[in-house]
2 protein chains.
Amino acid sequence: MKVNKGVEWAAHACALLAVLPEGWTLSAEALAAYHDVPPAYMAKQMQALSSAGLVVSVRGAAGGYRLARPARDISLKDVFLAVEGAAPSFRCTEVRQNGPCGAAKAQCRKPCGIAASFYAAETAFRDSLAGVTIMDVVASASAASDLGKAAKIATWIQSNASRPGTER
Amino acid sequence: MKVNKGVEWAAHACALLAVLPEGWTLSAEALAAYHDVPPAYMAKQMQALSSAGLVVSVRGAAGGYRLARPARDISLKDVFLAVEGAAPSFRCTEVRQNGPCGAAKAQCRKPCGIAASFYAAETAFRDSLAGVTIMDVVASASAASDLGKAAKIATWIQSNASRPGTER
DNA sequence: CATTATTCGGATAAAAAATATCCGTAAACA
DNA sequence: TGTTTACGGATATTTTTTATCCGAATAATG
């Protein structure tokens, strides 16, 4: 059971978008450069975030991405579901219906105990992620870093982000 | 994020071993036939359960598998870890150390907020599974089935299980 | 003691999924 | 009109999962 790498990248991208000045955007290419990951694949993850409504995409020159809503209203569960999809991780193949003692289909309208337990565990997993917002992530990151780094990031944003509808 | 199929099979196999008379065993082949799954692959999962100490294997003619301890003392978490392995599902690639604003390695001794949150979520997942025992699974299955099925299973066990050290 | 049935471990093959890239199109701006 | 960017689909590559097979070890049986 492995979480897609894209989830990690998407989460970090959201954290960076969260500290962007109001109305500014970052292109997929800039986000990839910031995190030093493959640009084309980073772009794919951003598309997933976009179609899930977590970020807003701005096309055209000086376009890019920005968060669709405040960082406090976006959770890691949202990011996880956007990138990973909502399909349950446990795939019940109904083995109880198989073999010489297989149960009748009519008796299998509710999931078996094993499947139900895994569904419950996955709910616990998602609930745990739902309790962490992008704002929390940003806060913990800035708590762990010094003033010099914050300045570095601000400078990088200044020269790599853009504000659509206006000259940079 | 997908749970291996083998986890489901192994859990069902444990549930069947749980209703076996004391000291009896079921071969990997019999377990595969009962659940109508590929014998060689079922055998692999049983090996995993065996090396994790959840089941005891008996070699030789009339050999097979039996639970290593009471069904109430084996949880779905045990089965999950045995088959799936203990490696965390979230693989942090330390992207925070990458790129133009990468953090120094010395400042990354603790996991970042994102990684920590996913580790916590996985703990929640496992804790949830830890609360369900094979005994619980058997109980919920028998609650959902009728008397006829129980008799069917008992008959099947009679003719497919074996008791090492004695004639069947 | 030979035969048979079984687990064990490793090697290997096939299928599926994750990872990664590319390209044509549409949109927005200068 | 030209440039820059997101979008969506197609495709390639790599890794993981799924599945099979085989030889060695082990134990019961006749």
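FYI, side chains are in, hydrogens and waters are out, and symmetry mates aren't considered; it's all heavy atoms of this structure. Order of the sequence lines sets the chain letters (A, B, ...), proteins ahead of strands, with each chain counted from 1.
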Which residues within residues 33-42 of chain B lie with some heavy atom under 4.0 Å of an atom in DNA chain D?
-> B/P38, B/A40, B/Y41

Rounded to whole angstrom units, what separation is found between the CD atom of A/Q45 and the P atom of D/dC7?
-> 13 Å

Of A/G63 and A/M1, whose nearest nucleotide on DNA chain D comes first from the 5' end?
-> A/G63

Tell me what A/R91 touches on the nucleic acid: a base, only sugar-phosphate, or nothing, going by heavy atoms under 4.0 Å.
-> sugar-phosphate

Listed partners of A/S145 passing side chain to side chain contact (heavy atoms under 4.5 Å, CB included), at least two apart | A/K149

Sorted by chain and number, sequence neighbours left out, side-chain hydrogen bond (donor to acceptor under 3.5 Å, both in side chains) with B/T93 holds for A/E8

Within the sub-3.5 Å range, which N or O atoms of nucleotides 8-12 of chain C have a protein N or O partner, and how far apart are they?
from	atom 1	to	atom 2	distance (Å)
C/dC8	OP1	B/S50	OG	3.0
C/dC8	OP1	B/S57	OG	2.3
C/dC8	OP2	B/Y65	OH	2.5
C/dC8	O4'	B/R59	NH2	2.9
C/dG9	N7	B/Q47	OE1	3.4
C/dG9	N7	B/Q47	NE2	3.3
C/dG10	O6	B/K44	NZ	3.1

Rounded to the nearest Å, what distance is computed from the CD atom of residue B/E8 to the C1' atom of nucleotide D/dA19?
-> 16 Å

Whole-Å distance separating the CG atom of B/L31 from the C1' atom of C/dT7 = 13 Å

Considering all heavy atoms, the nearest B/A13-B/M42 contact = CB-CE, 3.9 Å

When you match A/A61 and B/G64 each to their closest nucleotide on DNA chain C, which lands nearer the 5' end?
-> B/G64

Separation of D/dT4 C1' from A/E29 CD (nearest whole Å) = 10 Å

Between B/C108 and B/A103 the two heavy atoms that sit nearest each other are SG-CB, 3.9 Å

Rounding to a whole Å, what distance do you find between B/R163:CZ and D/dT29:P?
-> 11 Å

Just list the side-chain donor-acceptor pairs under 3.5 Å for residues 76-83 of chain B, sequence neighbours left out, or say none.
from	atom 1	to	atom 2	distance (Å)
B/D78	OD2	B/R69	NH2	3.4
B/D78	OD2	B/S75	N	2.9
B/D78	OD2	B/S75	OG	3.2

Separation of atom NZ in A/K5 from atom C1' in C/dA17, rounded to whole Å | 14 Å

Partners passing side chain to side chain contact (heavy atoms under 4.5 Å, CB included) against A/P100 (at least two apart in sequence or in another chain) = B/W156

What one should report as the nearest heavy-atom pair of B/I134 and B/A11 is CD1-O, 4.4 Å

Taking the side chain as every heavy atom from C-beta outward, state whether A/H35 and A/L16 have any atom pair closer than 4.5 Å.
-> yes

Would you find more than 12 non-hydrogen atoms of other residues, nucleotides or ligands less than 6.0 Å from A/R91 atom CZ?
-> yes

